[in-house]
*Asks:* 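The structure under discussion is supplied below as structure tokens; questions concerning it will follow.
Residue numbers begin at 1 in each chain, while the letters A, B, ... track the order of the sequences. Note that these values count all heavy atoms, side chains included, but never hydrogens, waters or copies made by symmetry.
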Number of protein chains: 2
Amino acid sequence: MTTSKTEEFTQEEIWLADVSKTLSHPARIRILKILNEMNSCMVGTIVDKLPLAQATVSQHLKELKRVGLIEGEIDGPKICYCINKQTLQKAKSALDKLFTKIGCC
Amino acid sequence: MTTSKTEEFTQEEIWLADVSKTLSHPARIRILKILNEMNSCMVGTIVDKLPLAQATVSQHLKELKRVGLIEGEIDGPKICYCINKQTLQKAKSALDKLFTKIGCC
DNA sequence: TTACCTTATCGTATATTTACGATGAACGAT
DNA sequence: ATCGTTCATCGTAAATATACGATAAGGTAA
């Protein structure tokens with residue numbers, strides 16, 4: 001009975017964990033690279049560049065969209081995805097802050 | 001049949017995803033902060049500071065150890081964990097490289 | 001030895017993630 | 001109106017993650 005365990009996690013810790021979760025699959029990392037290289041592109045192009053089924057890629061895009069790392073713009077029957085630079089910067093800042101806080105030079 | 005899907009993910013992408021997975025839980029982020037604040041400490045101390053059972057904390061430590069972010073040193077019946085600064089730096093570098101590659105300033 | 005302390009592991013339950021084929025919804029073109 | 005294209009969603013299966021109590025394994029100390 002040293003200290004109580006009523007302590008919870010902070011919103012920043014939770015958000016950081018959430019962003020990390022989104023980055024925790026090679027396909028999603030690759031998707032971000034593709035979107036940056038192409039500036040923006042439609043789903044079919046991404047599917048062609050990944051060894052995964054269209055439904056699976058759609059799920060990964062949904063996860064990236066959930067945390068706000070990408071955005072989709074409807075273009076007729078197609079959807080053009082691009083990186084949300086603002087969220088990207090926020091993620092990098094939060095990670096940088098964490099690394100600094102845990103003693104990384 | 002635009003392009004073949006034989007493409008696989010790179011080792012760096014896989015490692016980055018793996019590190020991100022390890023950071024994808026608030027408890028593990030908190031553990032890293034605790035270890036840095038205390039420089040190093042034994043499991044019981046970490047358990048007292050987290051709202052989780054000892055077995056659960058042990059699992060989180062195992063995951064952190066798996067990717068090399070922490071190391072444990074046996075000290076009698078206790079085990080003293082500390083951050084592996086080398087792996088930490090490697091993780092930060094890899095993440096920095098990714099953010100740069102995907103257009104983050 | 002026995003007793004106790006510390007931590008890992010086991011067993012287990014539940015939830016989440018990942019993957020795919022099939023289907024549906026929305027649009028443009030014919 | 002119908003067809004083909006594009007993408008999301010549904011349904012589902014398998015794997016992984018998370019959490020805990022119980023137990024084991026290892027050491028210290030009496």
Side-chain angles (χ1 to χ4, degrees), chain A residues 1-3 5-9 13-14 17-31 34-35 38 40-67 69-82, chain B residues 1-3 5-9 13-14 17-31 34-35 38 40-67 69-82:
Chain A
M1 207 194 296
T2 53
T3 58
K5 290 192 178 182
T6 52
E7 186 174 2
E8 285 304 318
F9 301 112
E13 283 166 346
I14 292 169
D18 212 26
V19 169
S20 297
K21 180 162 70 85
T22 298
L23 296 177
S24 73
H25 195 293
R28 292 193 288 266
I29 290 178
R30 179 66 66 88
I31 288 170
I34 292 169
L35 287 182
M38 318 263 303
S40 75
C41 69
M42 60 180 220
V43 178
T45 306
I46 301 171
V47 172
D48 287 343
K49 288 172 173 285
L50 291 178
L52 296 169
Q54 179 264 322
T56 307
V57 172
S58 189
Q59 272 186 171
H60 285 307
L61 290 169
K62 188 177 180 180
E63 168 65 14
L64 285 162
K65 199 164 48 176
R66 184 184 65 80
V67 297
L69 279 172
I70 68 171
E71 288 171 334
E73 191 186 350
I74 297 173
D75 173 27
K78 306 178 182 179
I79 298 186
C80 219
Y81 279 102
C82 65
Chain B
M1 205 194 295
T2 53
T3 58
K5 290 194 175 180
T6 53
E7 182 175 2
E8 286 304 318
F9 301 111
E13 283 166 346
I14 291 169
D18 212 25
V19 169
S20 296
K21 180 161 69 85
T22 298
L23 295 178
S24 74
H25 194 293
R28 292 193 289 266
I29 290 178
R30 180 66 66 88
I31 288 170
I34 292 168
L35 287 181
M38 319 262 304
S40 75
C41 69
M42 61 182 219
V43 177
T45 305
I46 301 171
V47 172
D48 287 342
K49 288 172 176 285
L50 292 178
L52 296 169
Q54 180 265 321
T56 306
V57 173
S58 190
Q59 273 187 171
H60 285 307
L61 290 169
K62 188 177 180 180
E63 168 65 14
L64 285 162
K65 198 164 51 177
R66 184 183 65 80
V67 296
L69 279 173
I70 68 171
E71 289 172 332
E73 191 186 351
I74 297 172
D75 173 29
K78 306 176 182 180
I79 298 184
C80 219
Y81 279 102
C82 65

*Asks:* Say you draw a straight line from CG of B/L23 to CG of A/L23; how long is it, rounded to the nearest 0.5 Å?
*Replies:* 9.5 Å
*Asks:* Between the main-chain N or O of A/K21 and the side-chain N or O of A/S24, is there a donor-acceptor pair closer than 3.5 Å?
*Replies:* yes
*Asks:* Report the distance from atom CD of B/Q54 to atom CG of B/D48, rounding to the nearest 0.5 Å.
*Replies:* 11.0 Å
*Asks:* To the nearest Å, give me how far apart CD1 (A/I74) and P (C/dA26) are.
*Replies:* 10 Å
*Asks:* Starting at CG of A/D75, measure out to CE of A/M42 and round the result to the nearest 0.5 Å.
*Replies:* 9.5 Å
*Asks:* Can you pull out the residues from residues 18-29 of chain A that lie within a 4.0 Å heavy-atom distance of DNA chain C?
*Replies:* A/K21, A/H25, A/R28
*Asks:* Report the C-alpha separation of A/I34 and A/C41 in whole Å, then their side-chain angles, then the decisive distance to 0.1 Å, and conclude whether the side-chain contact (heavy atoms from CB on, under 4.5 Å) test is met.
*Replies:* CA-CA 8 Å; A/I34 292 169; A/C41 69; 4.2 Å; yes
*Asks:* Once you round to the nearest 0.5 Å, how far does CG of B/L35 lie from OG of B/S40?
*Replies:* 8.0 Å
*Asks:* side-chain hydrogen bond (donor to acceptor under 3.5 Å, both in side chains) with B/K65: which residues, sequence neighbours excluded?
*Replies:* B/Y81
*Asks:* As an exercise, state the distance from CG of B/L64 to CD of B/E71, rounded to the nearest 0.5 Å.
*Replies:* 12.0 Å
*Asks:* Among residues at least two apart in sequence or on other chains, which ones pass side-chain hydrogen bond (donor to acceptor under 3.5 Å, both in side chains) with A/Q59?
*Replies:* none
*Asks:* Test of understanding: with side chain to side chain contact (heavy atoms under 4.5 Å, CB included), list the residues that count as partners of A/H60, not counting sequence neighbours.
*Replies:* A/H25, A/A27, A/R28, A/I31, A/L52, A/T56
*Asks:* Would you grab the first and last nucleotide of DNA chain D (5' to 3') that comes under 4.0 Å of any non-hydrogen atom in chain B?
*Replies:* D/dA17 to D/dT28
*Asks:* Check nucleotides 4-10 of chain C for protein N or O atoms closer than 3.5 Å to its own N or O atoms and list the pairs.
*Replies:*
{"unit_1": "C/dT7", "atom_1": "OP1", "unit_2": "B/V43", "atom_2": "N", "d": "3.2"}
{"unit_1": "C/dT7", "atom_1": "OP1", "unit_2": "B/I79", "atom_2": "N", "d": "3.3"}
{"unit_1": "C/dT7", "atom_1": "OP2", "unit_2": "B/G44", "atom_2": "N", "d": "2.8"}
{"unit_1": "C/dA8", "atom_1": "OP1", "unit_2": "B/Y81", "atom_2": "OH", "d": "2.3"}
{"unit_1": "C/dA8", "atom_1": "OP2", "unit_2": "B/S58", "atom_2": "OG", "d": "2.9"}
{"unit_1": "C/dA8", "atom_1": "N7", "unit_2": "B/Q54", "atom_2": "NE2", "d": "2.8"}
{"unit_1": "C/dA8", "atom_1": "N6", "unit_2": "B/Q54", "atom_2": "OE1", "d": "3.1"}

